[in-house]
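Please read the structure below before turning to the comments.
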Protein chains: 2
Amino acid sequence: MDPIDELNENLVEFFDRMSSWEQSVIQQGKLNVAGAHAIEKLGQFGSMSMKDLSKALGVTTGTTTITVDRLEKGGYAVRERADNDRRSYIIRLTEKGNDAYLDHHRHHLSFAKEIAALLTDEEIECFTAVLEKINKEI
Amino acid sequence: MDPIDELNENLVEFFDRMSSWEQSVIQQGKLNVAGAHAIEKLGQFGSMSMKDLSKALGVTTGTTTITVDRLEKGGYAVRERADNDRRSYIIRLTEKGNDAYLDHHRHHLSFAKEIAALLTDEEIECFTAVLEKINKEI
DNA sequence: ACACATAGTTTGAATATCAAACAATATATA
DNA sequence: TATATATTGTTTGATATTCAAACTATGTGT
């Protein structure tokens, strides 16, 4: 079989499995999908404006307004006035929000651990190196 | 840095990039997300019943009814009566539906090709083998 | 000042999804 | 056979998600 075809099939299946896994993890928690994604971005990249958060999430600012409203009501995040621009807010995770992020992060880590357990040290090294290469260049 | 952390970070980023890529590919076409996913399953696994399609997609049969209605209206798929069970339909891709599947498949292939171009033969082999291993066991 | 641009919110509409009720058919049991 | 139960797919009513466009408030450039 063509190596490209083989790579493709495995990629597609892997992506499918990761999607299912991600969704099931989110559904275990109290957050909706949009909120969980927002918390992930805020946890990963730190506090940011509505606009930047929208861009990071790939949705309109209108949608982000709703998402952040919900996060605020749930006590996961707060809007803080930006120093330099009075139109703008900086969205910051609260302690509860950060806990939710860390919890999600722990899930990811245990997923990575589960994968690593299947592989030899050499395979882990190669797999990580390849992913890093792809992430850098695509 | 801990190899697990490193693996995790690269996995998360890779998944994120694949999600964006997938979404942008779908939005280029005329199908909505649900329809595109349904076509992907039907193309990959062949004609199947509403129930099986629902299971493959991870949604209720009610949702699948709507999705398949739309595919039929768009000329991408047809419901055919099952021989053995008169309650049941077999959902089959039309030629147009199959073209849409092949087109999507081509996008995937070119994505895989793009990735392969970044890697040495050895890396391709290792990456594919690791993905296969993970897919089998997770 | 004045026009134009930008950040975020609101609004109205379209779409997606689910759970539950339902109709038609199949299967099992008495 | 007759009757109860299960299953397949559809419909319905409710809720959630998202977008585009209009809008408010503020910033920037001429």
Side-chain angles (χ1 to χ4, degrees), chain A residues 19-20 22-24 26-42 45-74 76-93, chain B residues 19-20 22-42 45 47-74 76-93:
Chain A
S19 298
S20 307
E22 175 84 5
Q23 204 175 352
S24 85
I26 288 177
Q27 281 170 349
Q28 283 166 32
K30 290 167 190 168
L31 290 155
N32 59 10
V33 175
H37 283 161
I39 284 184
E40 214 174 335
K41 293 296 180 187
L42 290 167
F45 298 112
S47 305
M48 64 181 97
S49 69
M50 295 295 289
K51 197 192 172 190
D52 288 344
L53 182 54
S54 306
K55 207 188 296 177
L57 293 170
V59 297
T60 64
T61 56
T63 298
T64 304
T65 293
I66 312 265
T67 302
V68 172
D69 282 351
R70 293 264 278 265
L71 289 181
E72 269 198 320
K73 269 180 207 152
Y76 295 96
V78 287
R79 285 173 171 88
E80 289 175 342
R81 282 279 172 196
D83 291 344
N84 48 334
D85 188 336
R86 299 203 310 167
R87 294 166 305 179
S88 184
Y89 299 95
I90 303 302
I91 316 305
R92 185 174 61 74
L93 291 182
Chain B
S19 299
S20 306
E22 175 83 6
Q23 205 177 351
S24 85
V25 166
I26 288 178
Q27 282 172 347
Q28 282 166 31
K30 286 168 194 170
L31 290 154
N32 59 12
V33 174
H37 283 159
I39 285 184
E40 213 174 336
K41 294 294 179 188
L42 291 168
F45 298 112
S47 304
M48 65 181 98
S49 69
M50 295 297 287
K51 197 193 171 190
D52 288 344
L53 182 55
S54 306
K55 207 189 296 178
L57 294 170
V59 298
T60 65
T61 56
T63 298
T64 304
T65 293
I66 311 266
T67 302
V68 172
D69 284 350
R70 293 264 277 265
L71 290 181
E72 269 197 321
K73 268 181 210 152
Y76 295 97
V78 287
R79 283 171 171 91
E80 288 175 343
R81 283 276 174 197
D83 292 343
N84 49 335
D85 188 334
R86 301 205 306 167
R87 292 167 306 180
S88 185
Y89 299 96
I90 302 301
I91 316 306
R92 186 174 60 74
L93 290 182

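Order of the sequence lines sets the chain letters (A, B, ...), proteins ahead of strands, with each chain counted from 1.
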Between atom [atom1] in [X] and atom [atom2] in [N], what is the gap in whole Å?
X	N	atom1	atom2	value
Glu72(A)	dT9(C)	CD	P	9 Å
Gln27(A)	dC18(C)	CD	C1'	11 Å
Asp83(A)	dA7(C)	CG	P	17 Å
Asp69(A)	dA7(C)	CG	C1'	15 Å
Lys30(B)	dT15(C)	NZ	P	17 Å

Which is more 5' along DNA chain D, the nucleotide nearest Val59(A) or the one nearest Arg79(B)? Just name the residue.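 Final value for this comparison: Arg79(B).
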Is there a side-chain polar atom (N or O) of Asn32(B) under 4.0 Å from OP1 or OP2 of dA16(C)?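 The answer is yes; a side-chain N or O of Asn32(B) sits under 4.0 Å from OP1 or OP2.
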N/O (side chain, Thr61(A)) to phosphate O (OP1/OP2, dA7(C)) under 4.0 Å: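 For dA7(C), neither OP1 nor OP2 has a side-chain N or O of Thr61(A) closer than 4.0 Å.
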Give every donor-acceptor pair under 3.5 Å between a side-chain atom in residues 24-39 of chain B and any protein atom, sequence neighbours left out.
unit_1: Ser24(B); atom_1: OG; unit_2: Trp21(B); atom_2: O; d: 3.0
unit_1: Asn32(B); atom_1: OD1; unit_2: Gly35(B); atom_2: N; d: 2.7

For [X], which contact category applies under a 4.0 Å heavy-atom criterion: base, sugar-phosphate, or nothing?
X	result
Val33(B)	nothing
Thr64(A)	nothing
Ala82(A)	nothing
Thr63(B)	base

Show the distances under 3.5 angstrom between N or O atoms of the protein and N or O atoms of nucleotides 23-27 of chain C.
unit_1: dT25(C); atom_1: O2; unit_2: Arg87(B); atom_2: NH1; d: 3.4
unit_1: dA26(C); atom_1: OP1; unit_2: Arg86(B); atom_2: N; d: 2.9

Could you check if a side-chain atom of [X] sits within less than 4.5 angstrom of a side-chain atom of [Y], using non-hydrogen atoms only?
X	Y	value
Thr61(A)	Lys55(A)	no
Ile91(A)	Met48(A)	no
Tyr89(A)	Glu80(A)	no

Return the [atom1] to [atom2] distance between [X] and [Y], rounded to the nearest 0.5 Å.
X	Y	atom1	atom2	value
Ile90(B)	Arg79(B)	CD1	CZ	12.0 Å
Leu71(B)	Thr64(B)	CG	OG1	10.0 Å
Met50(A)	Thr60(A)	CE	OG1	9.5 Å
Lys41(B)	Leu57(B)	NZ	CG	6.5 Å

Span of DNA chain D in contact with chain A (heavy atoms, under 4.0 Å):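 Terminal contacting nucleotides, 5' to 3': dT17(D) to dG27(D).
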Non-hydrogen atoms of Glu22(B) and Glu40(B) that approach each other most closely: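 Closest heavy-atom pair between Glu22(B) and Glu40(B): OE2-OE1, 3.6 Å.
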